[in-house]
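Below: the structure, in structure tokens.
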Amino acid sequence: SQGLMSGRRETYELFDLMKKHFPGFRDARMRCVSGMLGIRETRRLKGDFILTINDLVFGKSFEDTIGYSAYGWDLPDPVKPSVQPMNEKKIKVPERTPIPYRIMLPKGMDNLICAGRIVSVERDVLGPLRVTAPCMAMGEAAGMAAKQVIERNISFSKVDIQSLKESLLMNGVLL
């Protein structure tokens with residue numbers, strides 16, 4: 001509740017500043033403010049494999065890629081929200097981020113797959129993977145993997161990646 005209240009207050013304060021100082025905003029009106037908070041980052045699982053910045057910067061390819069993200073690297077420093085760490089670090093990040101299947105597999109759990117911003121990645125890698133389209137790609141792959149798990153009575157780590165990729169391709173996924 002406190003977050004919602006302060007967020008709304010800050011939204012209107014910022015809007016008033018924009019109307020006062022930005023040309024073209026003088027007659028602007030606020031239509032609505034979101035009824036809930038958006039959360040950029042939550043806990044992440046630890047998998048046997050952790051996708052790292054180095055994996056991506058050095059162009060490592062992954063046999064188990066189930067999709068890509070073309071979203072930017074916008075995961076700000078929590079202490080300094082206007083600072084983009086990837087810009088500060090002067091790291092050239094790829095235009096698209098591969099999504100390896102195994103980032104969804106928690107270490108030590110055979111009967112669980114986790115799609116979305118919880119995946120096994122370094123914090124800086126979360127930026128391009130935490131948004132809707134990559135999460136949808138992970139969800140689709142997780143659902144198809146679950147079908148294999150049930151039909152073949154196997155664990156998620158034993159899913160036939162080639163078969164999974166073929167199913168994804170038949171559904172129009174760009175691999």
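Owing to the predicted nature of the structure, the values given are computational and were not obtained by experimental measurement.
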Got a sec: does the CZ of Arg8 have more than 12 other heavy atoms crowding it under 6.0 Å?
yes
Nearest 0.5 Å, please: how far is CD in Glu63 from CD1 in Ile161?
10.0 Å
Extract all donor-acceptor atom pairs below 3.5 Å that involve side chains of residues 105-119 and protein atoms in other chains or at least two apart in sequence.
from, atom 1, to, atom 2, distance (Å)
Arg117, NE, Thr42, OG1, 3.2
Arg117, NH1, Ile39, O, 2.8

For residues Met104 and Leu45: do they belong to one hydrophobic cluster (side chain heavy atoms under 4.5 Å, members Ile, Leu, Val, Met, Phe, Trp, Tyr)?
no
Residue Leu174 excluded, over 12 heavy atoms near CG under 6.0 Å:
no
At what distance, to the nearest 0.5 angstrom, does OG1 of Thr65 lie from CD1 of Ile103?
9.5 Å
Check ring-ring contact (aromatic ring centres under 6.0 Å, His included) between Phe62 and all other residues, then give those that pass, not counting sequence neighbours.
Phe49
Should we say atom CE of Met36 is surrounded by more than 12 heavy atoms from elsewhere, each under 6.0 Å from it?
no
Are any of the side-chain heavy atoms of Asn171 and Leu168 separated by less than 4.5 Å?
no
Counting C-beta onward and ignoring hydrogens, is there a side-chain heavy-atom pair between Tyr71 and Arg130 closer than 4.5 Å?
yes
Give a yes or no on this: more than 12 heavy atoms of other residues, nucleotides or ligands lie within 6.0 Å of atom CD of Glu13.
yes
ILVMFWY network linking Val131 to Leu126, side-chain heavy atoms under 4.5 angstrom:
no
With sequence neighbours left out, write down each residue that passes side-chain hydrogen bond (donor to acceptor under 3.5 Å, both in side chains) with Ser155, or none if nothing qualifies.
Ser157
In the structure I gave you, are the side-chain heavy atoms of Arg44 and Arg123 within less than 4.5 Å of one another anywhere?
yes
Do Val121 and Val57 belong together in a cluster built from hydrophobic side chains that touch within less than 4.5 Å?
yes
Do the non-hydrogen side-chain atoms of Val33 and Tyr12 ever get within less than 4.5 Å of each other?
yes
CD1-CE distance between Ile99 and Met138, expressed to the nearest 0.5 angstrom:
5.0 Å
To the nearest 0.5 Å, what is the distance between CG (Leu4) and CZ (Arg9)?
12.0 Å
Expected output: side-chain Gln148 to main-chain Val159 donor-acceptor under 3.5 Å
no
Is any side-chain heavy atom of Ile66 closer than 4.5 Å to one of Val173?
no
Group every Ile, Leu, Val, Met, Phe, Trp and Tyr by side-chain heavy-atom contacts under 4.5 Å, then state whether Leu175 and Met144 land in the same group.
yes
Starting at CD of Glu166, measure out to CG of Asp160 and round the result to the nearest 0.5 Å.
7.5 Å
Nearest-0.5 Å distance, CD1 of residue Ile50 to OG of residue Ser120
4.5 Å
Group every Ile, Leu, Val, Met, Phe, Trp and Tyr by side-chain heavy-atom contacts under 4.5 Å, then state whether Tyr68 and Leu169 land in the same group.
no
Qualifying residue, where the test is side chain to side chain contact (heavy atoms under 4.5 Å, CB included) with Ser69 and the options are Pro128, Cys135, Pro98:
Pro128
Indicate yes or no: at least one non-hydrogen side-chain atom of Val125 is less than 4.5 angstrom from one of Thr52.
no
